[in-house]
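Notes to accompany the following structure.
Numbered from 1 within each chain, the chains take letters A, B, ... in sequence-line order. Bear in mind that the values here come from a model prediction, so they are computed numbers and not experimental data. Keep in mind that the numbers below use all heavy atoms, side chains included, and drop hydrogens, waters and symmetry copies.
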There are 2 protein chains.
Amino acid sequence: MATQPVSDVVINRLPLYLRMLTFLQREGKTITSSQELSERLDFSSAQIRKDLSYFGEFGKQGTGYNIEYLQKQLRQILHVDHDWEVVLVGAGDLGRALVHYQGFAPQGFKLVAIFDNAPQKIGMTVGDLVVQTMTELPRVVRSKNVRIAILAVPEEVAQQVADELIELGIRAILCYASITLSVPSDVKVHYIDPVAGMQSMMYYL
Amino acid sequence: MATQPVSDVVINRLPLYLRMLTFLQREGKTITSSQELSERLDFSSAQIRKDLSYFGEFGKQGTGYNIEYLQKQLRQILHVDHDWEVVLVGAGDLGRALVHYQGFAPQGFKLVAIFDNAPQKIGMTVGDLVVQTMTELPRVVRSKNVRIAILAVPEEVAQQVADELIELGIRAILCYASITLSVPSDVKVHYIDPVAGMQSMMYYL
DNA sequence: TAGATTGTTAATCGATTAACAATC
DNA sequence: TAGATTGTTAATCGATTAACAATC
């Protein structure tokens, strides 16, 4: 185990390990190995062992990894061993689909509010949330001390909304706008860009 | 210019260059430089020049790059200089939001059909498409010779649907299911996984 | 014990960057 | 011309992998 800073590419693989463990568990397995994970995830087994070894010794020689134990450890490492509250900005088709998306809650991400500034959207019910005006944003974020936001607004206003969110204390942004945001170094942004994904696949076609 | 195979990480940056060029163009610029792109994209200028140099010499010493010309070249390299037809499988909240998504069409990705196998969804109008049964999938894909699919189905059926798509000739899959698909090496898959993105950001929080 | 698999080291491989000649 | 910026080389940096002692 090392206490050196661990690279971003390693951190980005941890959620995939976690996901695969849940998968194997659902298949009835209680123990796995770097070899098995390797085959299922298409990473080398050496890479998987090395990635895990940055954080501790989670396996047993000759046996492998206890799935439940490793899951628990990975959740702690990623800080997803407890719930996080999330605000969502943008109540267009995408924003509303994200409220209905069933994938966040089981992983501990609770959408607590949705905002928009189009008058005709304010007051609209989406799932079990009600669309609020952007002027309510500071109150909600501050009172609940929310650190995470999902940005589902048009790219023209994305930077401006991001600035406001950061000002209010948001430190992680899942950005659905097709734009590279400029943010301070202590703010993390993860981009979801289906078009860029499509375009890079076209190269090989 | 080299004709060696170009790495995946380079290819993945090309759409970001393309996007930024469009952005700069909208700001009224006609010429840019690796330096300017560097500042706006947070890559080093050397990296940008090197990435582009794999494909040709697109700039002028002392001047920089003509935005329109570079855009055109990048589109050719990525094979996005013409339209592509795309089929969408899954007419849940996500699938329907993707039909309404305004980002695909301007980049030449035309959604030509949407499929689902839930009887209550068949015949439903979504945007200007009508949800068809999965049994129609082979006919549509084959007659239009579609090569690209978006997979917006639950993870339990994602692998099975992917297998069917590949069998029909699909060669690029944009996968919204939280699962690592196993596919032949000549099929490209790009994953969109907001939860994994969230989780890796949590590490830094 | 024999077999299996970890954690880790050192070697390899690949990607990024610094620097600069070429040249617009 | 003088100033600026490309395209490219060589050096550096970082990530992946092969291999194996340790050990369950």
Side-chain angles (χ1 to χ4, degrees), chain A residues 1-17 20-21 24 29-74 77 180 200 203, chain B residues 1-17 20-21 24 29-74 77 180 200 203:
Chain A
M1 174 171 187
T3 358
Q4 71 202 249
V6 177
S7 111
D8 230 42
V9 302
V10 174
I11 302 303
N12 285 323
R13 281 192 293 263
L14 301 185
L16 308 184
Y17 298 158
M20 186 49 73
L21 290 172
L24 293 169
K29 299 199 169 79
T30 56
I31 283 178
T32 188
S33 64
S34 59
Q35 161 100 55
E36 183 172 47
L37 289 168
S38 160
E39 283 159 11
R40 302 284 290 257
L41 286 167
D42 247 341
F43 303 128
S44 79
S45 65
Q47 181 167 77
I48 294 170
R49 291 198 302 280
K50 184 149 226 300
D51 283 354
L52 297 176
S53 77
Y54 287 116
F55 305 98
E57 308 192 353
F58 305 127
K60 262 205 193 78
Q61 282 101 327
T63 310
Y65 302 92
N66 177 293
I67 291 180
E68 200 171 313
Y69 177 71
L70 184 53
Q71 263 182 330
K72 203 170 165 187
Q73 294 300 314
L74 284 172
I77 293 162
T180 300
S200 50
Y203 176 76
Chain B
M1 173 171 187
T3 359
Q4 71 202 249
V6 177
S7 112
D8 231 42
V9 301
V10 174
I11 302 302
N12 285 324
R13 281 192 291 264
L14 301 185
L16 307 184
Y17 298 159
M20 185 50 72
L21 291 172
L24 293 170
K29 300 199 169 76
T30 57
I31 282 178
T32 188
S33 64
S34 59
Q35 160 100 56
E36 183 172 47
L37 289 167
S38 161
E39 283 159 12
R40 302 282 290 255
L41 287 168
D42 247 340
F43 302 127
S44 79
S45 64
Q47 181 167 75
I48 293 169
R49 292 197 302 279
K50 184 148 226 300
D51 283 354
L52 297 176
S53 77
Y54 287 116
F55 305 98
E57 308 190 356
F58 305 127
K60 261 206 191 80
Q61 283 101 326
T63 311
Y65 301 92
N66 178 293
I67 291 179
E68 200 171 314
Y69 176 71
L70 184 54
Q71 263 183 330
K72 203 170 164 186
Q73 295 299 314
L74 284 173
I77 292 163
T180 300
S200 50
Y203 175 76

Residues two or more places apart in sequence or in another chain: which of them pass side chain to side chain donor-acceptor pair (under 3.5 Å) with [X]?
X	value
B:Ser45	B:Arg49
B:Asn12	A:Ser200
B:Asp8	A:Tyr204

Minimum heavy-atom separation for [X] and [Y], please, with both atom names.
X	Y	result
A:Tyr17	A:Gln47	OH-O, 4.2 Å
A:Leu14	A:Ile77	CD1-CG2, 3.9 Å
A:Leu52	A:Phe58	O-CE1, 3.6 Å

I want to verify a distance call: between D:dA15, C:dT8, D:dG7, whose nearest atom is closest to the A:Val9 side chain?
D:dA15
Check every atom of D:dT16, C:dT5, C:dG7 against the side chain of A:Ser33 and return the nucleotide holding the closest atom.
C:dT5
Using a 4.0 Å heavy-atom cut-off across all strands, classify B:Ser45 as base, sugar-phosphate, or nothing.
nothing
In whole angstroms, how far is the [atom2] atom of [N] from the [atom1] atom of [X]?
X	N	atom1	atom2	result
A:Asn12	D:dA15	CG	P	12 Å
A:Leu37	C:dG7	CG	P	12 Å
A:Tyr54	D:dG14	OH	P	12 Å
A:Asp51	D:dG14	CG	C1'	14 Å
A:Leu52	D:dA15	CG	P	16 Å
B:Gln35	D:dT6	CD	P	9 Å

Report, as a single string ordered 5' to 3', how protein heavy atoms within less than 4.0 Å touch nucleotides 17-24 of chain C: B base, S sugar-phosphate only, - not at all.
BBB--BBB
Hey, does the side chain of A:Ser34 come within less than 4.0 Å of C:dT5's phosphate (OP1/OP2), counting only N and O?
no
What verdict does the side chain to side chain contact (heavy atoms under 4.5 Å, CB included) test give for B:Leu24 and B:Arg40, after you've listed the backbone C-alpha separation in whole Å, the side-chain angles of each residue and the deciding distance to 0.1 Å?
CA-CA 10 Å; B:Leu24 293 170; B:Arg40 302 282 290 255; 3.7 Å; yes
Side chains of residues 61-72 of chain B: which donor-acceptor pairs under 3.5 Å do they make with residues two or more places apart or in other chains?
unit_1	atom_1	unit_2	atom_2	d
B:Asn66	OD1	B:Glu68	N	3.0
B:Asn66	OD1	B:Tyr69	N	2.9
B:Gln71	OE1	B:Gln25	NE2	3.4
B:Gln71	NE2	B:Thr22	OG1	3.1
B:Gln71	NE2	B:Gln25	OE1	3.4

Just verifying a value: how many Å separate B:Ile11 CD1 and A:Tyr203 OH, rounded to the nearest 0.5 Å?
4.0 Å
Give the dot-bracket string for DNA chain D, reading 5' to 3', where a pair is Watson-Crick or G-U wobble with both distances under 3.5 Å, ( ) marks pairs inside the strand, [ ] marks pairs crossing earlier ones, | marks a partner on another strand, and . marks unpaired.
..||||||||||||||||||||||
Could you check B:Gly59 against A:Arg13 and say which one's nearest nucleotide on DNA chain D is further toward the 5' end?
B:Gly59
